[in-house]
Protein chains: 2
Amino acid sequence: MNVSDIFISLPVHMARNVEFDEQLAISKAMDVFWKKGYNGASMRDLTEAMGINSSSLYNTIGDKHQLFIKCIKHYTESRMEAAKKQLHQISSPLKAIEKYINASAYTITTEPNSCLAIKTTFEVATFDVEVQKIIKSDNEFTYQLLIGLIKKAIDIQEIKFTKDAEMLTDYIINHFTGWHESFIIHQDKTRIKKTAKFLIEQLNK
Amino acid sequence: MNVSDIFISLPVHMARNVEFDEQLAISKAMDVFWKKGYNGASMRDLTEAMGINSSSLYNTIGDKHQLFIKCIKHYTESRMEAAKKQLHQISSPLKAIEKYINASAYTITTEPNSCLAIKTTFEVATFDVEVQKIIKSDNEFTYQLLIGLIKKAIDIQEIKFTKDAEMLTDYIINHFTGWHESFIIHQDKTRIKKTAKFLIEQLNK
DNA sequence: ATTATTCTAAAACGTTTGTTTCAAATTTTA
DNA sequence: TAAAATTTGAAACAAACGTTTTAGAATAAT
């Protein structure tokens with residue numbers, strides 16, 4: 001055996017390339033899961049929205065579950081990027097926290113669907129360990145982002161009423177889920193804006 | 001036509017009575033929906049848990065959707081009764097609020113499944129108007145219960161930092177949903193207890 | 001241009017879905 | 001006790017489910 005044998009299993013003739021844009025297709029599938037949930041979305045719903053045949057889907061991305069995993073990864077990753085950009089270069093940590101809270105309230109009361117990560121948490125995260133991991137790391141990202149800001153704010157005494165940064169981070173994050181539920185039930189922006197305003201006032205005490 | 005004709009359509013021969021206990025069967029079905037969600041629960045899952053045949057189910061309760069409606073009604077109604085009993089005769093409004101918060105935190109970190117009402121809100125309440133109504137009135141109950149206490153607490157100056165009872169009610173309720181999500185993700189009781197403690201401290205300012 | 005390879009579309013796959021049928025069992029009224 | 005009415009269990013229903021197969025179109029390398 002010589003070195004070239006190692007590569008003998010590689011395709012000699014490279015036939016057709018995949019026709020469809022995988023990222024675009026996943027984004028389309030994500031929208032379906034977002035609206036209908038994991039169990040509520042059928043493969044026919046998905047392939048129709050993606051504009052591809054199920055054979056292409058199974059040849060490239062995989063089965064329904066693998067597709068779902070890619071969709072929520074896509075969702076959480078794009079949210080992370082958006083958050084990074086959003087808080088990029090804000091001098092005051094407390095101002096950054098406030099901006100993050102207001103941006104969350106705005107997103108919740110503006111987007112057509114409630115957060116896919118939260119919907120997924122309540123629908124399948126209890127059973128599905130693979131989903132659990134993604135949801136957990138998404139949550140951890142937000143947590144680290146906020147706790148960094150809170151620790152800084154405590155350090156420079158922008159926040160004076162507590163030294164427990166971990167608790168305060170949890171405390172703030174908890175609100176977002178409640179706002180989502182509230183908005184589904186009442187469809188009332190002002191209720192959420194008022195509580196967001198109050199939460200920010202609390203931070204300034 | 002005489003008066004007796006009005007009743008002529010009523011059954012003359014009353015045959016068998018329904019064998020199974022409907023309330024018990026609905027309670028069993030509720031557990032299945034609670035674990036698997038609406039779309040995740042199959043009729044075979046449900047009838048097996050209920051211990052009845054699907055023909056009996058369709059003859060008495062109705063189809064899957066009607067069964068689900070009865071299940072979430074059962075869920076919300078029993079929760080309402082429990083809440084009423086719980087706060088029955090507590091002299092101080094603020095103490096009653098605190099008890100309600102602590103009881104919520106305890107339930108969230110103790111029960112095997114996350115709240116059926118919240119799971120339902122995120123899974124189907126966006127589309128299903130019948131479900132929406134039930135969820136909304138369940139929410140309204142909690143809202144009225146809390147706002148009553150908060151208004152009293154403001155009146156007798158147990159709460160001094162705000163006069164906006166509506167906002168504060170929303171603010172408190174919002175936490176519960178967040179705790180549910182947090183507990184699904186982290187399974188950490190102390191994180192929830194800490195934020196509950198902090199929330200109560202805020203009320204005493 | 002031929003060959004090897006991969007992609008795509010349509011159809012079909014076996015299961016499972018929610019729901020209905022139907023005969024047998026049961027019970028009440030007469 | 002006979003007749004009428006209704007529930008029950010088992011089987012069957014069509015439709016939809018997630019997935020696979022298959023034949024042919026497409027394309028890169030020879």
Side-chain angles (χ1 to χ4, degrees), chain A residues 4 7-26 28-30 32-33 35-72 123-124 127-128 130-131, chain B residues 4 7-26 28-30 32-33 35-72 123-124 127-128 130-131:
Chain A
S4 66
F7 304 100
I8 222 161
S9 65
L10 287 176
V12 182
H13 298 264
M14 302 289 286
R16 292 174 69 179
N17 294 324
V18 179
E19 243 176 34
F20 67 94
D21 180 345
E22 187 167 319
Q23 276 316 106
L24 186 72
I26 283 172
K28 296 281 186 190
M30 188 188 74
V32 177
F33 282 128
K35 274 180 203 144
K36 302 196 169 191
Y38 180 73
N39 289 309
S42 76
M43 288 303 282
R44 276 156 187 88
D45 289 337
L46 293 161
T47 51
E48 197 183 330
M50 297 166 89
I52 61 169
N53 192 273
S54 62
S55 71
S56 301
L57 175 57
Y58 277 83
N59 274 336
T60 52
I61 294 165
D63 63 14
K64 188 186 182 184
H65 189 261
Q66 289 173 281
L67 173 61
F68 184 67
I69 295 293
K70 294 208 178 187
C71 287
I72 51 169
E123 191 192 356
V124 293
F127 310 99
D128 194 320
E130 215 169 336
V131 168
Chain B
S4 64
F7 304 100
I8 222 161
S9 64
L10 287 175
V12 183
H13 297 265
M14 303 287 286
R16 290 175 69 177
N17 295 323
V18 179
E19 243 176 36
F20 67 94
D21 179 346
E22 186 166 319
Q23 277 315 107
L24 187 71
I26 284 172
K28 296 281 185 190
M30 188 188 74
V32 178
F33 282 127
K35 275 180 202 145
K36 302 198 169 190
Y38 180 73
N39 289 308
S42 76
M43 288 303 283
R44 275 157 188 86
D45 289 337
L46 292 161
T47 51
E48 196 183 331
M50 297 166 88
I52 61 168
N53 192 273
S54 61
S55 72
S56 302
L57 176 57
Y58 278 82
N59 274 335
T60 52
I61 295 165
D63 63 15
K64 188 187 182 185
H65 189 260
Q66 289 174 282
L67 174 62
F68 184 67
I69 294 293
K70 295 206 177 188
C71 286
I72 52 169
E123 192 192 355
V124 294
F127 312 98
D128 194 320
E130 214 168 337
V131 168

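Atoms considered below: every heavy atom in the structure, side chains included; atoms not considered: hydrogens, waters and symmetry mates. Per chain, numbering begins at 1; letters A, B, ... match sequence-line order.
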Starting at CG of Leu46(B), measure out to CD1 of Ile61(B) and round the result to the nearest 0.5 Å.
-> 10.0 Å
Rounded to whole Å, the CG-P distance (Leu57(B) to dT8(D)) equals 11 Å
Length of the CE-C1' vector between Met43(B) and dG18(C), whole Å | 6 Å
Parallel, tilted or perpendicular: ring planes of Phe33(B) versus Tyr38(B), cut at 30 and 60 degrees = parallel
What integer distance in Å separates Asn53(A):CG from dT6(C):C1'?
-> 15 Å
Where Met50(A) and Ala25(A) come nearest, the two heavy atoms and their spacing | CG-O, 3.4 Å
Does the side chain of Ile69(A) reach to within under 4.5 Å of the side chain of His65(A), using non-hydrogen atoms?
-> yes
Length of the line joining Lys64(B):NZ and dT17(C):P, which is rounded to integer Å = 9 Å
Report yes or no: is the cationic atom of Lys35(B) (NZ for Lys, CZ for Arg) closer than 6.0 Å to the six-membered ring centre of Phe127(A), at no more than 45° off its axis?
-> no
Taking CD from Glu48(B) and P from dG18(C), how many angstroms apart are they, rounded to a whole number?
-> 13 Å
Contacts of Lys70(B) that satisfy salt bridge (charged side-chain N to carboxylate O under 4.0 Å, His left out) - sequence neighbours left out | Glu22(B)
Side-chain contact check for Ser56(A): nearest option of dT19(D), dT19(C), dT8(C) is dT8(C)
Testing dT19(D), dA10(C), dG9(D) for proximity to the side chain of Ser55(B), the answer is dG9(D)
May I have the distance from Asn39(B) (atom CG) to dT17(C) (atom C1'), rounded to whole angstrom?
-> 12 Å
Return the value, rounded to whole Å, for the distance between atom CZ of Phe68(A) and atom P of dT19(D).
-> 14 Å
Euclidean distance, atom CG of residue Asp21(B) to atom C1' of dT7(D) [Å, nearest integer] | 16 Å
If you pin Gly62(B) and Asn59(B) to their nearest nucleotides in DNA chain C, which one's is more 5'?
-> Gly62(B)
Working to the nearest 0.5 Å, report the span between CZ of Phe20(B) and OG1 of Thr60(B).
-> 3.5 Å
Would you indicate, yes or no, if dT20(C) has its OP1 or OP2 atom less than 4.0 angstrom from a side-chain nitrogen or oxygen of Tyr58(B)?
-> no
Please enumerate all protein N or O atoms sitting under 3.5 Å from an N or O of nucleotides 12-16 of chain C, with distances to 0.1 Å.
none

